[in-house]
Q: 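Sharing a structure, written as structure tokens. Questions coming.
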Amino acid sequence: MDLSLLLSSLPQPVSPAQPITSLLSSLSDLISSCPDSALLSVVFKVKQLFSGADCDWRLSSTNHSTASEQGVELGYLSLSQALISRCSLPLADDDVSSVAESQYDVIRLRVQAVSHTLVSLLRVVGKSSAEGGAESKVGGVSERILFTVAPDICVFAVTHFQVAPWSSPSSRSTAQEVMGVLLEVGPWTDSVHLLVGDRKHKEDGQRCGAKGILGPVLDLLQPQLSKESMFRSESVKLVFSWALLQVTRPDVSQYLPRLLPPSLLLTDHYRPENCILGVRCLHHIVLHTACADLRQLNRAEVLYHAVFRLLCNSQPQVTQCVLSYLMDLLLVLEKHPLSPSTTPSRRSASRHDDVLRMVLTQMEGEHKLALRRVYASALPPLVDRCGITVCRHLKRLERVILEYLELSDPPDETSRIHILLTLNQTLQTAWPRVNQRRGQQLLKAVLRLLVDVSSDINLKDSVKREIFDQSAASIRLLDVCSNRTLQCLLLQVDSSQCSKDILQVLHSAMTKTPT
């Protein structure tokens, strides 16, 4: 049909004599086939049409049969899909190349126009649902229409309210408005409720509460979540991760077979931002899924091996996410090394040892300060988790401690402070294995650190105080480990050659009893 003829055939307001199903079908065909130059005009005309027509007529059918009511629902679904399809993002040629930003300019304008039209449609349906309409069945039709169109509209809104190359402040604002109106007119309280619905349903055959749309949303995303197409579309991973991170325990378990594969694909990508996003998704799954469900079908083993190899990654952000993730996953795979049911004689090598060994291997010789900070901050909780089994790694741990105490890490000395914490935890746990030779080596490293820090005029007083306190604790513990032989050596220190700060640290170390 000619564009001008069709537009002229849509008066304001529309006559109730025209069947709504016929009009919805015509509008869907028009929006899908109209040229780009006329699209904004057509979308604006549709917005005006639904803003001015009679409320009951916009949701009514020629008769009240089930098939006719389904026709109205499908008509609104077809119209919303036609509108949303004209805002589809272009696909990259492959998973390596990116879409030119200039291709997104026209998308931003379309998103704003389509968002305003979708808001009008949602308000029409929401108003009828609230008022009940002129007939008793209109409210039911209105609610079913909402559940029918909600998945597509949700995906559209989430896609375009992201801070991304294809969005602008204006397009993000209108997309946020679409999501807000969807929650306002529907029976949902927030985005989590929108996805999972009510967990408690009414009894005695009464109507159930609000249904969630996570399943239909995943159905819409599924064709693009394959290895071949996921990274050609920049938006699908963001929509998937947004939906996943909204869902919590116990709903994650229900969709676990559909959530794990895309998350694993993200962790396997070469781009750090995709890898981090995948690890975040897997970490969320681990935190919000029952341990029994993760151990079923060896899922936890797969999750461990898929991410363990990323410890060799040279990106600090990736390494930090991986270490945090592994600390929680290890408690799913095996018992806590310090649990009462694990006696010292039964503490065989475990995955905790594998992770600690890999971390120490990566720390040795690492020259990037950002990575050194990440590894050093992860070492205290890992050593604390391993407990007495850290004795298996004392030689390598000693080399790492000596190396990291020697190199400065301005301005906050993060690495040195965490290494001192690691040293103190190790001494408290594995003190019988710290002989006099090892104790003297560590004492020399701590004293050199004190000299270095006390002479650094650029360090903050709070940083110096933290280092001095931890160093004093280390000296006390080293003295105890060596049967007080180090105290004799410290008494031989020439006080005239030491600064006031160092003397205070030594005095504190020698006068206080270690805990």
Side-chain angles (χ1 to χ4, degrees), residues 1-54 57-59 71-91 99-125 145 148-149 152-161 164-179 181-182 220 233-235:
M1 180 183 295
D2 183 74
L3 175 62
S4 59
L5 292 177
L6 184 52
L7 289 177
S8 62
S9 67
L10 303 178
Q12 294 291 332
V14 180
S15 172
Q18 184 177 6
I20 185 62
T21 52
S22 174
L23 179 63
L24 292 174
S25 177
S26 300
L27 289 176
S28 301
D29 294 339
L30 171 62
I31 293 172
S32 300
S33 60
C34 75
D36 294 341
S37 58
L39 179 62
L40 296 182
S41 299
V42 173
V43 172
F44 179 72
K45 187 74 172 181
V46 173
K47 177 183 179 298
Q48 288 184 319
L49 167 67
F50 283 90
S51 298
D54 177 76
W57 172 80
R58 285 174 293 189
L59 298 176
V72 177
E73 298 171 30
L74 295 177
Y76 276 96
L77 176 61
S78 176
L79 177 58
S80 61
Q81 288 178 338
L83 289 166
I84 292 170
S85 65
R86 298 308 297 262
C87 300
S88 299
L89 300 178
L91 298 178
V99 178
E101 190 171 349
S102 58
Q103 299 185 42
Y104 295 134
D105 293 339
V106 66
I107 298 295
R108 300 185 187 103
L109 295 176
R110 293 181 183 179
V111 167
Q112 296 180 54
V114 168
S115 296
H116 291 311
T117 304
L118 290 176
V119 166
S120 297
L121 291 177
L122 288 172
R123 291 198 184 281
V124 166
V125 178
I145 292 174
T148 302
V149 302
D152 291 274
I153 294 178
C154 177
V155 171
F156 167 82
V158 175
T159 298
H160 295 286
F161 68 50
W166 59 83
S167 66
S168 65
S170 299
S171 64
R172 289 194 291 270
S173 177
T174 53
Q176 286 279 13
E177 183 183 3
V178 171
M179 177 62 78
V181 173
L182 178 62
L220 291 174
S233 173
E234 290 291 331
S235 63

Q: Would you please test Tyr76 and Leu121 for side-chain contact (heavy atoms from CB on, under 4.5 Å) and show each step?
A: CA-CA 9 Å; Tyr76 276 96; Leu121 291 177; 4.2 Å; yes
Q: Working to the nearest 0.5 angstrom, can you tell me the gap between Ser120 OG and Lys47 NZ?
A: 4.0 Å
Q: Grab the two heavy atoms, one from Gln112 and one from Thr174, that are nearest each other, plus how far apart they are.
A: CA-OG1, 3.8 Å
Q: First locate atom CG of Leu89, then atom CD1 of Ile107, and finally report the distance between them rounded to the nearest 0.5 Å.
A: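 Here the rounded value is 6.0 Å.
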Q: Measure the CG-NE2 distance between Leu83 and His116 for me, rounded to the nearest 0.5 Å.
A: 13.0 Å
Q: Ser102: which residues meet the side-chain contact (heavy atoms from CB on, under 4.5 Å) condition with it, sequence neighbours left out?
A: Ala100, Asp105
Q: Rounded to the nearest 0.5 Å, what's the gap from CD1 on Ile84 to CD1 on Ile153? Could you check?
A: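 Result: 5.5 Å between the selected atoms.
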Q: Decide whether Ser167 and Arg172 meet the rule of one side-chain donor and one side-chain acceptor closer than 3.5 Å.
A: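 Looking only at side-chain atoms, Arg172 and Ser167 do form a donor-acceptor pair, the distance falling under 3.5 Å.
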Q: Spell out, as yes or no, whether a donor-acceptor pair under 3.5 Å connects the side chain of Ser78 to the backbone of Leu74.
A: no
Q: Can you find a heavy atom in the side chain of Asp36 that is under 4.5 Å from one in the side chain of Val106?
A: no
Q: So does Val43 get a backbone contact from the side chain of Thr117, meaning a donor-acceptor N/O pair under 3.5 Å?
A: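 It does hold such a pair.
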Q: For the residue pair Arg86 and Ser32, what are the closest heavy atoms and their distance?
A: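 Shortest heavy-atom separation between Arg86 and Ser32 comes out as NH1-O, 3.7 Å.
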Q: Show, in sequence, the C-alpha distance, side-chain angles and deciding distance for Phe156 and Ser115, and conclude whether the side-chain contact (heavy atoms from CB on, under 4.5 Å) test is met.
A: CA-CA 9 Å; Phe156 167 82; Ser115 296; 3.5 Å; yes
Q: To the nearest 0.5 Å, what is the distance between OG on Ser25 and CG on Leu30?
A: 11.0 Å
Q: Can you see which heavy atom on Leu122 is nearest to which on Val178, and at what distance?
A: CD1-O, 4.0 Å
Q: To the nearest 0.5 Å, what is the distance between CG on Leu91 and CD on Gln103?
A: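 Output value for this atom pair is 10.5 Å.
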Q: Does any part of the side chain of Pro165, heavy atoms only, come nearer than 4.5 Å to the side chain of Glu234, both counted from C-beta?
A: no
Q: Treating Thr159 as the side-chain partner and Val155 as the backbone partner, does any N or O pair qualify as donor plus acceptor under 3.5 Å?
A: yes
